[in-house]
Engineer: 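Submitted below is the structure of interest, expressed as structure tokens.
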There are 2 protein chains.
Amino acid sequence: MSRKRSSKVNSMDVARLAGVSIAAVSRTFTPGSSVSPKMAEKVRKAADQLSYVPNSLASSLITRRTNIVALMLPNLVNQVYSALLSEASLRLEENNKQLLLFTPLNDSDFDRTLQRMLEYQVDAIVISAASISSRMAALCLGRDVPVVMLGRHMPSLSVHSVRGNAEDGGITAAKLLISGGGKRFGIISGSQTFTTMLERQQAILRYLSVIKNIENVAIADGKLTYEGGYQAALEIMSGEDRPDSIFCLTDIMALGAMDAIRYNLNLRIPEDVALIGFDDIPESAHESYGLTTIRTPVRRMIHHMMNLIAPETPLDPPQTIMIDAELVIRSSTRLAVNNSGLDS
Amino acid sequence: MSRKRSSKVNSMDVARLAGVSIAAVSRTFTPGSSVSPKMAEKVRKAADQLSYVPNSLASSLITRRTNIVALMLPNLVNQVYSALLSEASLRLEENNKQLLLFTPLNDSDFDRTLQRMLEYQVDAIVISAASISSRMAALCLGRDVPVVMLGRHMPSLSVHSVRGNAEDGGITAAKLLISGGGKRFGIISGSQTFTTMLERQQAILRYLSVIKNIENVAIADGKLTYEGGYQAALEIMSGEDRPDSIFCLTDIMALGAMDAIRYNLNLRIPEDVALIGFDDIPESAHESYGLTTIRTPVRRMIHHMMNLIAPETPLDPPQTIMIDAELVIRSSTRLAVNNSGLDS
DNA sequence: CTGAAAGCGCTTACAG
DNA sequence: CTGAAAGCGCTTACAG
């Protein structure tokens, strides 16, 4: 069978047909190796004839580089993660690296996932919105594989991290809603296991409290989904002191909240209620929504990630890269009624 | 340095510490191998002590299985692909397989991408909405790696394929718009390089023409994006014989079209114009849209894909699995004015 | 159940 | 520039 023969073609077969050593065929397929054009020509011809495909696993065994980077994402229902993945895939592809994707089912098997990444000898590990034990972090460090956390910082871990400035983002959001005349505030929050959510919320609450002396803020859990945001909005808006301004800790929840407010509660946005989100997912720009939001700087995050996983970048000391918040104003918020909010 | 030592721990180190052979350590880490509990215990202890992580690349060299399946997706801006990826990732994870992701930049390097997949010795190749040369298909077949195309069928290729029934979907959509009283029709189409788009469009046109004798259908290219759909809708609606019914070959374009119709043209949906999409992405269910659509059966597609890439499934003969269209009625279409449309 | 040995397909000093 | 040889870290008949 041609099938059997074909599946066994290796560098020796090519070498034999070309009448050269296996070192020669290895060299012609290794950019930068010293082979005469004549030799390379012979080898390539033989390789083509046999449909030879080099085994990168075997070569990785020796070179100790796989050109595979592992990426761990919590899910893809939130478009931010799609965007992160998409951008990472693009940049990696440009650099001839492969992306090995992991989306752990339950939060509990992060460490097992990490273990599998190491078994595959990945060159680097990128983790978004998930945690990792210090034991595993040490293991990665010990094996010289860089780890970068996206959108989360764990000072105790001594791994790289890249994230938006949640503190700054929260303050910017708070300033905007206040400047728009906001008096009563609500927050639709997400799972507290995501530190980013916590940081955003705390920044907002602190600003409201310290600067504006506002203490009673309605908070509801939007569960990081459209439906959750929808329900959370209904909950928040059913209270006696109905908010006129709502912070949604992610855009996807904000979209749900907007739909609930418009179509279930029949209120106007931003006249009756102003909303601001976080992330800037594509849908937020749709004319149906026009959500004002604090953008998650996906491209810049991936740009820094690429630098951090480069072999030239030392693992130690771990770098913490913080990217400034970027406000995207659309139509879900009110214009400043005066300058007091923005200046204070 | 502990770093250096740690990065060199292999089965020999473990064997030495445990006082056994390397075969023994290999066996304790290979489920189903015959090792006495006593031996396994000794080995595990030594392995833990050294933070040993087996090198799956080395073992793949011998077992000829990597447990890696390669997935090629055109992009992630369309949420259908996110859904496909998400579901595939989930199912693969459950089966202890890894997902190696490829998103080729230009259509031209599909073959090069495929080559790289083979270099990594992936167990299977899954391709969505992209083409592959017959040469590469033969190469995969020759190396015994199953290839399954998602949402596209190429009879000439002799690889597996799984897809929704585009013909049936197109007809279902046409029937619905006709039953809703549609008289003048428009189509917002996508890139013709995607056979699925072509099939949907042809099914619609054929049905309109053959069954209803409707020949002049306005067609505009929506470029498979929200913005493209928006522009295409403006274009189609600016013609003299303004359509009262529009087919959008993907939901994402339908969303753009809806926004254009409502907010730019100030027309009502479905009273002035009815729209139907294809895919059923999450946004289509949002209350702001309520898009009636023909669902792409993502879960069932991935389910079949998993079966097709199983080692038990023979590569030959290639299987073509066709999944029936599923109509999801929401509020962007009109109710049947009478039975004539649905019955004919 | 266990170990010694061959070998998976490649790369890389080393010597020429 | 080229080849012979050692070796990357593992698995698997084979013999005991």
Side-chain angles (χ1 to χ4, degrees), chain A residues 4-44 46-47 50-67 116 118-123 143-144, chain B residues 4-44 46-47 50-67 116 118-123 143-144:
Chain A
K4 267 202 178 164
R5 202 183 327 137
S6 175
S7 75
K8 284 170 144 345
V9 174
N10 59 22
S11 58
M12 246 192 83
D13 298 323
V14 177
R16 201 170 324 161
L17 179 61
V20 301
S21 71
I22 57 166
V25 0
S26 171
R27 288 192 183 104
T28 91
F29 285 102
T30 306
S33 276
S34 58
V35 245
S36 64
K38 210 177 294 179
M39 165 118 299
E41 179 56 28
K42 266 198 296 189
V43 171
R44 271 183 211 293
L50 297 173
S51 294
Y52 171 65
V53 177
N55 185 329
S56 71
L57 264 35
S59 73
S60 294
L61 214 50
I62 302 188
T63 62
R64 292 170 179 293
R65 310 205 79 250
T66 51
N67 288 317
R116 273 156 66 203
L118 292 179
E119 289 176 6
Y120 280 95
Q121 317 297 119
V122 299
D123 290 345
R143 312 182 107 233
D144 265 326
Chain B
K4 266 200 179 166
R5 201 184 330 135
S6 175
S7 75
K8 285 171 144 348
V9 174
N10 58 23
S11 58
M12 245 194 84
D13 299 322
V14 177
R16 201 170 324 160
L17 180 60
V20 302
S21 71
I22 57 165
V25 2
S26 170
R27 289 191 182 105
T28 91
F29 285 102
T30 306
S33 276
S34 59
V35 245
S36 64
K38 211 179 294 181
M39 166 118 300
E41 178 57 26
K42 265 198 295 187
V43 171
R44 273 185 210 292
L50 298 173
S51 294
Y52 170 66
V53 176
N55 185 329
S56 70
L57 264 36
S59 73
S60 293
L61 214 51
I62 302 187
T63 61
R64 293 170 178 292
R65 311 206 77 251
T66 51
N67 288 317
R116 273 158 65 204
L118 292 178
E119 288 176 6
Y120 280 95
Q121 317 298 120
V122 299
D123 291 345
R143 312 182 107 232
D144 267 326

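To find a chain, count down the sequence lines: A is the first, B the second, and so on, and within it residues start at 1. All values derive from a computational prediction rather than experimental measurement.
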Engineer: Roughly how far, to the nearest 0.5 Å, is the CZ atom of B:Arg64 from the OG atom of B:Ser59?
Structural biologist: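 Reported value, rounded in 0.5 Å steps: 12.5 Å.
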Engineer: Please enumerate all residues that pass side-chain contact (heavy atoms from CB on, under 4.5 Å) together with B:Ser26, with sequence neighbours excluded.
Structural biologist: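 Partners of B:Ser26 by the side-chain contact (heavy atoms from CB on, under 4.5 Å) criterion, ordered by chain and then number, come out as B:Thr30.
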Engineer: Please report the distance, rounded to the nearest Å, between CG in A:Asp13 and P in C:dG9.
Structural biologist: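 That distance rounds to 9 Å.
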Engineer: I need the CZ-C1' distance between B:Arg65 and C:dC8, as an integer number of Å.
Structural biologist: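 Roughly 16 Å, once rounded to whole Å.
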Engineer: Let me know the distance between NZ of B:Lys42 and P of C:dC1, rounded to the nearest Å.
Structural biologist: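 Rounding to the nearest Å, NZ of B:Lys42 and P of C:dC1 are 15 Å apart.
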Engineer: Whole angstrom is fine here: how far is it from CZ in B:Arg64 over to P in D:dA13?
Structural biologist: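 Rounded to whole Å, this separation is 13 Å.
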Engineer: Would you mind classifying the nucleic acid contact of B:Ser26 as base, sugar-phosphate or nothing, using non-hydrogen atoms under 4.0 angstrom?
Structural biologist: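 Result for B:Ser26 = base.
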Engineer: Need one value for B:Phe29: base, sugar-phosphate or nothing, where a base atom within 4.0 Å counts as base even if backbone is also close, heavy atoms only.
Structural biologist: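 Nothing, no nucleic acid heavy atom in range.
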Engineer: Mind listing the N/O atom pairs, protein and nucleotides 4-7 of chain D, below 3.5 Å?
Structural biologist:
none

Engineer: Give me the atom names and distance for the closest heavy-atom approach of A:Val14 to A:Ala47.
Structural biologist: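 Looking at all heavy atoms of both residues, the shortest contact is CG1-N, 3.9 Å.
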Engineer: Could you write out DNA chain D as dot-bracket? Rules: Watson-Crick or G-U wobble, both distances under 3.5 Å, brackets [ ] for crossings, | for pairs with another strand, dot for unpaired.
Structural biologist: |||.||||||||.|||
Engineer: Of all of residues 30-40 of chain A, which get a heavy atom below 4.0 angstrom from DNA chain D, listed by number?
Structural biologist: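 DNA chain D contact set from residues 30-40 of chain A: A:Ser34, A:Val35, A:Ser36, A:Met39.
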Engineer: Go through the structure and list residues passing side-chain contact (heavy atoms from CB on, under 4.5 Å) with A:Ser21, not counting sequence neighbours.
Structural biologist: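 Residues passing side-chain contact (heavy atoms from CB on, under 4.5 Å) with A:Ser21: A:Ala23, A:Ala24.
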Engineer: Look at the side-chain N and O atoms of A:Tyr120 and state whether any lies under 4.0 Å from the OP1 or OP2 oxygen of D:dG9.
Structural biologist: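 False: A:Tyr120 side-chain N/O out of range (4.0 Å or more) of D:dG9 OP1/OP2.
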Engineer: Distance between the C1' atoms of D:dG16 and D:dT12, in whole angstroms?
Structural biologist: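 Pairwise C1' distance, D:dG16 against D:dT12, rounds to 16 Å.
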Engineer: May I have the distance from B:Glu119 (atom CD) to C:dC8 (atom C1'), rounded to whole angstrom?
Structural biologist: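 Nearest whole value for this atom pair: 18 Å.
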Engineer: What's the CZ-P distance between A:Arg16 and D:dG3, to the nearest Å?
Structural biologist: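 To the nearest whole Å, that distance equals 15 Å.
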Engineer: Measure the distance from CG on B:Asn55 to C1' on D:dT11 and round it to the nearest whole Å.
Structural biologist: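 Atom-to-atom, B:Asn55 to D:dT11, this comes out as 13 Å.
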Engineer: For B:Thr66, give me all partners under side-chain contact (heavy atoms from CB on, under 4.5 Å), at least two apart in sequence or on another chain.
Structural biologist: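 A:Leu57, B:Ser60, B:Ile68, B:Gln121, B:Asp123.
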Engineer: Who are the side-chain contact (heavy atoms from CB on, under 4.5 Å) partners of B:Arg116, not counting sequence neighbours?
Structural biologist: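 Partners of B:Arg116 by the side-chain contact (heavy atoms from CB on, under 4.5 Å) criterion, ordered by chain and then number, come out as A:Glu93, A:Asn96, A:Gln98, B:Phe102, B:Glu119.
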Engineer: Looking at residues at least two apart in the chain, or sitting in another chain, which of them share a salt bridge (charged side-chain N to carboxylate O under 4.0 Å, His left out) with A:Arg44?
Structural biologist: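 With neighbours one apart ignored, the set is empty.
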Engineer: Please, which pairs that meet salt bridge (charged side-chain N to carboxylate O under 4.0 Å, His left out) have at least one residue in residues 18-27 of chain B, sequence neighbours excluded?
Structural biologist: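 For residues 18-27 of chain B, and leaving out neighbouring residues, there are no salt bridge (charged side-chain N to carboxylate O under 4.0 Å, His left out) pairs at all.
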Engineer: Which whole-number value in Å describes the distance from A:Leu50 CG to C:dG9 P?
Structural biologist: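 Interatomic distance, CG of A:Leu50 to P of C:dG9: 14 Å.
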Engineer: Could you pull out every donor-acceptor pair under 3.5 Å between side chains of residues 32-42 of chain B and any protein atom, sequence neighbours left out?
Structural biologist:
| from | atom 1 | to | atom 2 | distance (Å) |
| --- | --- | --- | --- | --- |
| B:Ser36 | OG | B:Met39 | N | 3.2 |

Engineer: Using 0.5 Å steps for rounding, measure from the CD1 atom of B:Ile22 to the CG atom of B:Asp13.
Structural biologist: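 Going from CD1 on B:Ile22 over to CG on B:Asp13, the span is 11.0 Å.
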Engineer: Could you list the residues that satisfy ring-ring contact (aromatic ring centres under 6.0 Å, His included) with A:Phe29, not counting sequence neighbours?
Structural biologist: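 Once residues adjacent in sequence are excluded, the partners of A:Phe29 under the ring-ring contact (aromatic ring centres under 6.0 Å, His included) criterion are A:Tyr52.
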Engineer: Specify the closest pair of heavy atoms between B:Val9 and B:Leu50, including all atoms of both residues, with the distance to one decimal.
Structural biologist: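 So the minimum-distance heavy-atom pair works out to CG2-O, 3.7 Å.
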